[in-house]
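So you know, we letter chains A, B, ... as the sequences are listed, proteins then strands, and number each from 1.
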Amino acid sequence: MSQLSELPASEVVYLDHLRTLVVDVRTAPEYADIRLAGPHAFMPLDTLDPEQLLLQYGITRDTPVYALCASGARARKAGEALLAAGFTRVALVQGGITALKGVEVPLAGPGATRKEQGKGIPLERQLRIAIGILFVFITALACWVHPIFSVLAFLFSVGLVASAILNRCGLAFLLAKAPWNKQQSCSGSSCSIGGANKPGASCQ
Amino acid sequence: MHTPNVRGFFDPATATWTYVVWSTNNAVAQCAVIDSVLDYDIYSCTTKTTSADAVIDFIQEKRLSLQWILETHIHADHITAAHYLQQKLGGTIAISKHILAIVHTWEAYFQNSADTPQDGRQFDHLFEDDEEFTIADLPAKIMYTPGHTPADTSYIIGNAVFVGDAMFLPDVGSGRCDFPGGSAEDAYDSSRKLLALPGDYRMYVGHDYPPEGMRGPRCMATIDQQQQTNNRLSYSVDKHSFIARRNADDTGKPVPHLLLPSIQANLRAGQFGEAVNGVQFVKLPVNML
């Protein structure tokens with residue numbers, strides 16, 4: 001059986017879609033969010049069927065195939081399954097789609113143009129943490145200081161429902177202003193995502 | 001039943017699938033190419049052979065000889081590389097005899113009888129309906145499947161059928177029917193002929209337009225899958241509702257970018273017209289569409 005090899009993310013841009021096939025093995029929601037802009041196959045790991053890959057994408061067992069996932073773990077499993085099925089030229093994309101965000105590969109989907117959150121915790125999770133801590137404090141106050149503080153819990157709950165219905169959240173607004181949520185300026189190619197900020201086929 | 005080997009090549013610029021079909025059971029490995037693509041830039045009027053060269057490289061790597069260069073119809077969205085492939089690898093360029101009507105129809109637009117023979121001799125072979133032929137040891141047969149254009153032909157090769165634009169994958173549906181001579185009624189009738197093939201036959205489509213964010217470009221669905229889930233032509237759709245929806249969707253649809261250069265060159269099997277001092281031209285009729 002052939003060996004599973006690895007392709008650095010920076011090499012993906014040089015792959016010829018007429019002679020090779022990238023197989024994205026992530027889940028449907030991950031794929032909907034961000035994916036390769038060029039031709040590729042999409043077949044989640046849990047439904048990966050080597051025979052169907054051959055038939056649906058018109059390849060042969062000796063077509064070079066590159067398995068792609070979020071960071072590389074699922075791609076390894078997919079690659080090993082393809083080798084076991086008799087594919088002879090199989091590699092995984094090192095670092096997966098996460099690594100592709102940092103190199104010059106055209107990507108598509110909402111996640112391809114979304115501003116990077118950096119390495120911090122996304123705002124939505126920060127919000128859940130903040131509300132959780134608030135309720136711990138309110139419960140403590142109501143138990144050990146005075147039961148009247150439970151009114152605060154009632155007010156917060158009403159506020160949460162209102163914010164969900166109106167889709168406006170004062171707390172999120174405050175959190176977004178926090179210093180750790182400021183976009184950090186970037187230099188070089190590390191912040192360029194796909195072709196979004198490249199000039200098109202104009203006279204530019 | 002013979003199961004052919006099939007390698008598909010997808011051209012993202014025109015969403016076209018080109019196929020190499022061959023059998024490995026034969027000492028002399030021969031193949032057919034179906035619906036090849038000559039890359040063409042509409043603004044600079046330049047051709048490239050990137051797509052066709054990938055097909056040629058594949059045929060040579062597999063040590064196949066090119067026996068047939070087949071066209072499912074006169075394409076309106078890309079130029080065929082049939083002529084280029086024949087120059088490089090030989091082979092017989094073949095298409096349905098029904099294209100003679102297309103040649104005639106478009107003569108009125110292009111006034112091109114001087115360099116586009118009206119008898120179709122620019123093609124090496126014109127298939128009769130239901131004509132049988134072979135690709136090496138693979139049995140092959142023509143099925144006349146008009147609708148998208150009046151001359152669309154499907155090729156049944158072993159247990160695979162190559163349908164051009166008569167049907168697309170289940171979540172895409174079928175080809176438009178608003179070109180000159182196109183007919184939604186014919187398209188429905190053609191689909192019923194195709195869906196009457198055995199359920200495990202593999203249907204290979206001429207284009208794929210994958211729904212955004214759902215999947216990559218694919219080329220094949222079984223007859224069973226098409227019968228049950230094609231969103232325009234499954235067995236649960238009656239003729240009247242198909243025609244109504246097809247015609248409504250085709251009304252006011254813009255013409256493909258490459259319509260005029262494509263049809264013009266494809267009527268000559270992928271050649272450009274008569275040269276003047278070594279220069280060939282694409283002729284664009286004004287106010288004719």
Side-chain angles (χ1 to χ4, degrees), chain A residues 15-44 47-49 51-68 86-89 97 106-114 195 200-203, chain B residues 3-22 24 34 36-37 39 41-44 48-58 61-62 64 159-160 162 169-170 200-205 208-222 225:
Chain A
L15 292 180
D16 178 355
H17 69 268
L18 292 164
R19 292 174 172 83
T20 64
L21 183 69
V22 175
V23 184
D24 193 326
V25 299
R26 295 173 301 147
T27 60
E30 291 175 285
Y31 178 78
D33 185 54
I34 184 168
R35 57 196 173 270
L36 285 178
H40 59 269
F42 169 56
M43 201 175 262
T47 56
L48 185 76
D49 180 338
E51 195 61 30
Q52 286 302 312
L53 191 70
L54 289 170
L55 290 173
Q56 292 184 355
Y57 294 92
I59 57 168
T60 52
R61 281 195 168 76
D62 58 357
T63 304
V65 170
Y66 298 89
L68 173 71
F87 284 62
T88 55
R89 298 155 84 181
I97 204 97
L107 298 173
T113 46
R114 192 187 303 128
S202 64
C203 295
Chain B
T3 300
N5 288 312
V6 178
R7 172 74 167 101
F9 298 85
F10 186 75
D11 171 39
T14 64
T16 304
W17 278 104
T18 295
Y19 298 102
V20 176
V21 187
W22 76 103
T24 49
I34 301 175
S36 58
V37 174
D39 308 301
D41 182 87
I42 190 168
Y43 301 112
S44 63
K48 276 189 195 161
T49 56
T50 312
S51 299
D53 288 337
V55 173
I56 291 173
D57 288 350
F58 180 82
E61 275 167 30
K62 291 281 173 197
L64 300 168
N159 61 359
F162 298 83
L169 292 183
D200 62 345
Y201 271 36
R202 296 164 184 169
M203 182 189 288
Y204 288 90
V205 295
D208 189 36
Y209 308 97
E212 176 79 18
M214 301 292 286
R215 61 176 182 82
R218 292 185 196 152
C219 60
M220 194 280 301
T222 63
Q225 289 166 338

Exercise for review: Report the distance from atom OG1 of A:T60 to atom CZ of A:R89, rounding to the nearest 0.5 Å.
Suggested key: 8.5 Å

Check your understanding: Between B:K62 and A:D62, is there a salt bridge with N-O shorter than 4.0 Å?
Key -> yes

Point to revise | Close contacts, residues 37-44 of chain A versus chain B, judged by heavy atoms under 4.5 Å | key: A:P39, A:H40, A:F42

Practice item. Would you check if B:F9 and B:V20 make a side-chain contact, meaning some heavy-atom pair closer than 4.5 Å? Key: yes

Point to revise | Heavy-atom closest contact (B:Y209 atom, B:A15 atom, distance) | key: CE2-CB, 3.5 Å

Revision key, fill the gap. Max heavy-atom pairs within cutoff under 4.5 Å with chain B, candidates A:G58, A:G109, A:A108, goes to A:G58

Check your understanding: Heavy-atom distance under 4.5 Å to chain A: side chain of B:Y19, backbone, both or neither?
Key -> neither

Point to revise | Full working for side chain to side chain contact (heavy atoms under 4.5 Å, CB included) between A:T63 and B:R7 | key: CA-CA 10 Å; A:T63 304; B:R7 172 74 167 101; 3.8 Å; yes

**Study point:** Heavy-atom contact with chain A under 4.5 Å, split by part of B:E212
**Key:** both

Revision key, fill the gap. Filtered by a 4.5 Å non-hydrogen cutoff, the part of residues 49-57 of chain B contacting chain A is B:T50, B:S51, B:D53, B:A54, B:D57

Study note, to complete from the structure: So CG of B:L64 and CZ of B:F58: to nearest 0.5 Å the spacing works out to 7.0 Å

Point to revise | From B:D200, B:T222, B:T3, residue fulfilling side-chain hydrogen bond (donor to acceptor under 3.5 Å, both in side chains) relative to B:N159 | key: B:T3

Practice item. Using side-chain contact (heavy atoms from CB on, under 4.5 Å) as the criterion, list what pairs up with B:A160, not counting sequence neighbours. Key: B:P4, B:F162, B:Y204

Revision key, fill the gap. When rounded to the nearest 0.5 Å, the distance separating CZ of A:R61 from CD of A:E51 is 5.0 Å

Check your understanding: Given side chains that start at C-beta, do those of A:V23 and A:L68 come closer than 4.5 Å, heavy atoms only?
Key -> no

Point to revise | Interface moiety of A:D24 toward chain B, non-hydrogen atoms closer than 4.5 Å | key: neither

Practice item. Apply side chain to side chain donor-acceptor pair (under 3.5 Å) to B:R215 and list each qualifying residue two or more places apart in sequence or on a separate chain. Key: B:D171, B:D208

Exercise for review: Go through the atoms of A:R35 and report whether side chain, backbone, both or neither lie under 4.5 Å from a heavy atom of chain B.
Suggested key: side chain

Practice item. Starting at NE2 of A:H17, measure out to CG of B:D11 and round the result to the nearest 0.5 Å. Key: 6.5 Å

